[in-house]
Amino acid sequence: MQNPNPPEPSFEVPDGALEARIRTIGADVFAAMAACPPPSLFSKKGAFAKIMQWSLADPAFKTQLFRFVDVLPALKTNAEIVRHLQEYLGDQAVALHPALKAGLAASSFAPALVAAPVKANIVSLAQEFVAGETAAELVERVRTNTARGLATTIDLLGEAVVSEAEADHFLARNLEVLDTVAAALAVESTPAASDRGPGDRVLPRLNLSVKISALTPDVQPADPETSLAALKQRLRPILRRAAAVGAFINFDMESYRLKDLTLQLFRSILEEPEFHAAPAAGIALQAYLRDSERDLRDLVAWARRRNRPIGVRLVKGAYWDYETVIARQRGWPVPVWTRKAESDASFERLTVTLLENVDVIAPAFASHNVRSCAHAIAQAERLGVDPRAYEFQALYGMADELKTALLQRGSRVREYCAIGELLPGMAYLVRRLLENTSNEGFIRRRNLGEASPDELLINPVHLLARTETTPDVGPPTPLAVEPTAFTNAANLDFAVAAHRERQARAIADYAAHRLGRRWPCIINGRAVADRPLRASVNPANPSQIIGYWAEGNAADAEAAVAAAVAYFPEWRRTPVETRAGYLDRAADLMEARRAELNALLILEAGKPWTEADGDTSEAIDFLRYYAAEMRRRDRATLTQRVPGEHCVQRWTPRGVGVAVAPWNFPLAILAGLTVAPLVAGNCVIIKPAQQTAVIGAVLMEILLAAGVPPGAVHFLPCSGAAAGAHLVAHPRVDFVAFTGSRRVGCEIWARAGQTLPGQMNLKKVVCEMGGKNAIIIDDDADLDEAIPAVLHSAFGYAGQKCSALSRLILLDGIHDAFLERFLAACSTLRIGDPKHPGTFINPVIDDAARRSILAFIEKGRREATLAWQGTLDEACAASGGYYVPPTVFTGCRPEHAIVREEIFGPVLAVLRARTLDEAFAFANDSDYALTGGFFSRSPRALARARDEFLVGNLYLNRGCTGAIVQRHPFGGFRMSGGGTKAGGPEYLENFLFPRVIAENTLRRGFTPPEE
Ligand SMILES: Cc1cc2nc3c(=O)[nH]c(=O)nc-3n(C[C@H](O)[C@H](O)[C@H](O)COP(=O)(O)OP(=O)(O)OC[C@H]3O[C@@H](n4cnc5c(N)ncnc54)[C@H](O)[C@@H]3O)c2cc1C
């Protein structure tokens, strides 16, 4: 992907004569449209019109109604339909007429009476936008269009696929449509007027639009080479068939994430000799993208270079809300224009470029906006472009009057006809409804009379001069708690080529030049190197030694504690601003070394790229967040306002502590456990996990480089036996910040309870342990969302996260359907060395982990049914890496070991629940309570989950991993931990004592003035 923030274009104002011409054409088009019947959706009569009126008048009704339409295909019985209708429209926020509300409430008594007509109405609403369900119906539609003068392009409903079987089915449907329509057209000799191009040449009458996300489940912008190979495999048969039957293939444009891949696919497949001359092909470009001008220039240059005429469909773009929300959530630059008029102006600039290149480009202007169309016509006139050399396109069911008006002017017009089953096509209906009701959209403003034709014809550049700029990106605003000035670090977007290349270089560089270094213990700034050296290895290739670390012993532990105790008074007195400044500087250093840190996480911890990058981001977040939080706490807070006495609370650090971290988030968790107490004024001894001690050493290096004084932080890699247990039990250690296994956590907890001679404080343990996390899938869940989320939650980083999903609870009604799609989707996961960007499942951390997980798999085979197991290819076997085949067991029962015990690997146990009560009971029936997930589209069931699903972090309609600092303070209870929340506002208090200071301010009967 290109830089989403190219220089701002200049929005040139067309000259007066041209602008006048646009107005004249626009006025003529409006006049012709006025003579047509109004669209049924906006007419005064009929059920649709009523629904639209309510939707437009009441945003709460609109949201609930569209959500109901979205869930309808998943509802199997009348009772289910009625229940959802009641839950959505009975919502208090919806201002429904009281009589209707009463009727809705009573409808449970006769569900069929209500459900049947509701369903029928929504299906017929879908029919307004879907041109037919079968190829035969489509042929009929093409005939009707031809008679009207319209050309047609066909779109098969159905987008993202989750398995190869689904992609195969999509391919077969495309081929079938090409064959059926081609056969029908072969016997219909007369093309539509719009099928005739320059010089009356007949253009390909069969025109098919394809979405690439439906061609393979394995689209990963981070790994374009493999994705392109998979895409081409299914695209070639379509292009071949199209060439054979003389069809035109258009590549639709989807979300920004796929934009560069789509362009690359388009160009590279057409460069294959087989497709050099045929079929005719085109691609959609979205004017709302800031990149589009450059993309169009590149495309034109390519077409000229290759001497390959192509079509370009110019659209504004259908995913505006999605793109802005996702970019803001992730802290990425917003790739789209943020003012509607900017997209309109961009559309006009791109229109001119297209018209200037009609010798190699066949432009199609896909807009329902009269101004955009009038502008294209006027510019074509100015440039002397043959009116048959370009066309307009509009969607089936929308802007019919515009199609008629343009045809009457002699323009070519093509209708975009979506076909497919109506119920599964509801997502398409929801998009069309949103488009029809969008506040800023042309359709709504015109049809509701919210703007006059004159206003609708205003030059967007003039509008821009009048409106304020909105910020392109801003952090999500924290709510409920007093906000802390903090912004999450943005992950790298590996869809951006420059990011991918930088990461690949960093991995190669690390492997070539930095392996094998010896890392000493560091006590009071002094390197202690003459200790037994332990090797840390790459889990994907254990013969590759990442580095050696010197193992500290009990005497080193003593020295570290003594140095920490000695420095503590000074560190406590160091101003918070200074301490916090060190953390900010360390965060900056990490950001600067991000690719290198990621490389180390990939090599030493076996993390796939995005997981490694997430780990680095989280470490940076902990540094910046705890620095900000400590600044916020660095003041006395009044406990009560009372005359004559000044009462405040302040915080003081506990003393000396040990940070004991796990290997699964070797940078983030270690950084969090270290810097939270550090910034609070405590001295900290770092004990990293042995498997990832090199990452720990690099963290230490960064902290010292950032200026943290050597007395405040000490680095002591060691085993529990060598020094760890000694440290934890030490009487001068005031706290232990621990994340790791339940066994070790409970041991530390017990040990901390013993007060030893010389001990100054009761030892505090901040203890975060494992999880046996469950996701429940309700009968009405959206499987397109749930399946990828379950895959990520269960198998991301090979299930080695305490938040990972290990118990999947399927409601009876969806059990079989879910499993069928899910198990097919599992086979698409790529298992391999995480140094390759497309790897999804990595090896586990070491051989002991591998053996333990394999033993659980054996147990699972005895207890339940092995439903799916991934295959390890030869490369995995030959590498000697610690690979475990990802495994899914079905038919599991709550008492099974694989359901009760934490496995910490890619093993998923599936349970079937008869009711929601039973599902919640299963979910809560665990020693652990860390994360949980619930997929449902029933407002009432979601409300129940909020109350009844007892875990520290509950995720609704999303996966259960990937907590983000401040947004999702993280931690659980029961055997998952002590209820503390890392990355949350109270976390620092674990490392502080509150002190209250009360001062009598009454002196001889008077008080200071402020009292
Ligand atoms: C035949 C056809 C094919 C299509 N194919 C594709 C495709 O392949 N890919 C695709 O993405 N879309 C496609 N679309 C959908 C198309 O993008 C939308 O229908 C179109 O954006 C609506 O634009 P308009 O000019 O008709 O309406 P208008 O009302 O003039 O424009 C609405 C559009 O403006 C933009 N917008 C809205 N608010 C803002 C804002 N605050 N800041 C910046 N921009 C804003 C959005 O793109 C919105 O859709 C296609 C449409 C047609 C008619």
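Start at 1 and go down the list; that is how both ligands and their atoms are numbered. Keep in mind that what you see is a predicted model, and the values were worked out from it rather than measured. Only heavy atoms go into these numbers, but all of them, side chains included; no hydrogens, no water, no symmetry mates.
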| query | Any N/O of F442 closer than 3.5 Å to an N/O of ligand 1? | reply | yes
| request: Report the C-alpha separation of Q264 and L228 in whole Å, then their side-chain angles, then the decisive distance to 0.1 Å, and conclude whether the side chain to side chain contact (heavy atoms under 4.5 Å, CB included) test is met. | output: CA-CA 8 Å; Q264 238 178 315; L228 284 173; 3.9 Å; yes
| message | Please report whether ligand 1 has a polar contact with V315, defined as an N or O pair separated by less than 3.5 Å (distance criterion only). | response | no
| request: Could you tell me whether Y319 approaches ligand 1 through its side chain, its backbone, both or neither, with non-hydrogen atoms closer than 4.0 Å? | output: side chain
| Relative to the heavy atoms of A284, which atoms of ligand 1 are at a distance of less than 4.0 Å? | 8 (O)
| field | Pair D155-S209, side-chain hydrogen bond (donor to acceptor under 3.5 Å, both in side chains): steps then yes or no | value | CA-CA 5 Å; D155 163 58; S209 293; 6.0 Å; no
| request: May I ask you to identify the nearest protein heavy atom to atom 44 (N) of ligand 1, giving residue, atom name and distance to one decimal place in Å? | output: S343 OG, 2.6 Å
| request: Show your reasoning for whether side chain to side chain contact (heavy atoms under 4.5 Å, CB included) applies to I458 and R23. | output: CA-CA 8 Å; I458 294 177; R23 296 275 181 146; 4.0 Å; yes
| Atoms in ligand 1 with a heavy atom of G441 nearer than 4.0 Å | 29 (O)
| task | Give the C-alpha distance, both sets of side-chain angles, the deciding distance and a yes or no for side chain to side chain contact (heavy atoms under 4.5 Å, CB included) between Y390 and V385. | result | CA-CA 8 Å; Y390 65 93; V385 173; 4.0 Å; yes
| query | Crowded around R67 CZ? As in, over 12 foreign heavy atoms under 6.0 Å? | reply | no
| Proximity winner for atom 26 (O) of ligand 1, if only heavy atoms of H368, K316, R444, E415 are counted | H368
| request: Assign the ring pair W54 / F61 to parallel, tilted or perpendicular, where the plane angle (0 to 90°) is split at 30° and 60°. | output: perpendicular
| field | Residue, atom name and distance, where the atom is the protein heavy atom closest to atom 36 (N) of ligand 1 | value | K340 CD, 3.8 Å
| query | Given K211, K259, M253, R414, which has its nearest heavy atom closest to atom 8 (O) of ligand 1? | reply | M253
| request: Please assess E254 against S213 for the test side-chain hydrogen bond (donor to acceptor under 3.5 Å, both in side chains), listing each intermediate value before the final yes or no. | output: CA-CA 8 Å; E254 301 173 69; S213 63; 2.5 Å; yes
| task | Any atoms of ligand 1 less than 4.0 Å from a non-hydrogen atom of D252? List them with their elements. | result | 8 (O)
| request: Check A318 against ligand 1 and report side chain, backbone, both or neither, counting heavy atoms closer than 4.0 Å. | output: both
| Can the positive tip of R432 be found less than 6.0 Å from the middle of the six-membered ring of Y428, inside 45° of the ring normal? | yes
| Ligand-side contact atoms (ligand 1) for residue partner S367, heavy atom cut-off under 4.0 Å | 24 (P), 25 (O), 26 (O)
| request: Please lay out, stage by stage, how I419 and V177 fare under the test side chain to side chain contact (heavy atoms under 4.5 Å, CB included). | output: CA-CA 10 Å; I419 67 155; V177 159; 4.2 Å; yes
| What residue and heavy atom of the protein are closest to atom 20 (C) of ligand 1, and at what distance? | E435 OE2, 4.1 Å
| Min N/O separation Q393 to ligand 1 under 3.5 Å | no
| remark: heavy-atom search around atom 48 (C) of ligand 1 in the protein gives G317 O, 3.8 Å
| query | Strictly under 4.0 Å, does any heavy atom of T338 approach an atom of ligand 1? | reply | yes
| said: If you measure every N or O of S372 against every N or O of ligand 1, does any of those distances drop under 3.5 Å? | reply: no
| task | Please examine the side chains of P363 and V358, heavy atoms only from C-beta on, and report whether any two atoms are closer than 4.5 Å. | result | yes
| said: Below 30° counts as parallel, above 60° as perpendicular, anything between as tilted: where do the rings of F251 and F266 land? | reply: perpendicular
| remark: Note: heavy atom closest to atom 51 (C) of ligand 1, options V210, D344, L395, belongs to L395
| Strictly under 4.0 Å, does any heavy atom of E254 approach an atom of ligand 1? | no
| message | Contact between ligand 1 and E440 is defined here as a heavy atom of the residue under 4.0 Å from a ligand atom; is it met? | response | yes
| More than 12 foreign heavy atoms under 6.0 Å from CD of Q233: is that the case here? | no
| What part of R313 sits under 4.0 Å from ligand 1 if we count only heavy atoms: the side chain, the backbone, both or neither? | side chain
| message | Give the atom numbers and elements of ligand 1 that come within less than 4.0 Å of a heavy atom of Y288. | response | 47 (O)
| query | Looking only at distance, does W337 have an N or O less than 3.5 Å from an N or O of ligand 1? | reply | yes
| task | Provide the closest heavy-atom pair for P279 versus I249 in the form atom of the first, atom of the second, distance. | result | CG-CG1, 4.5 Å
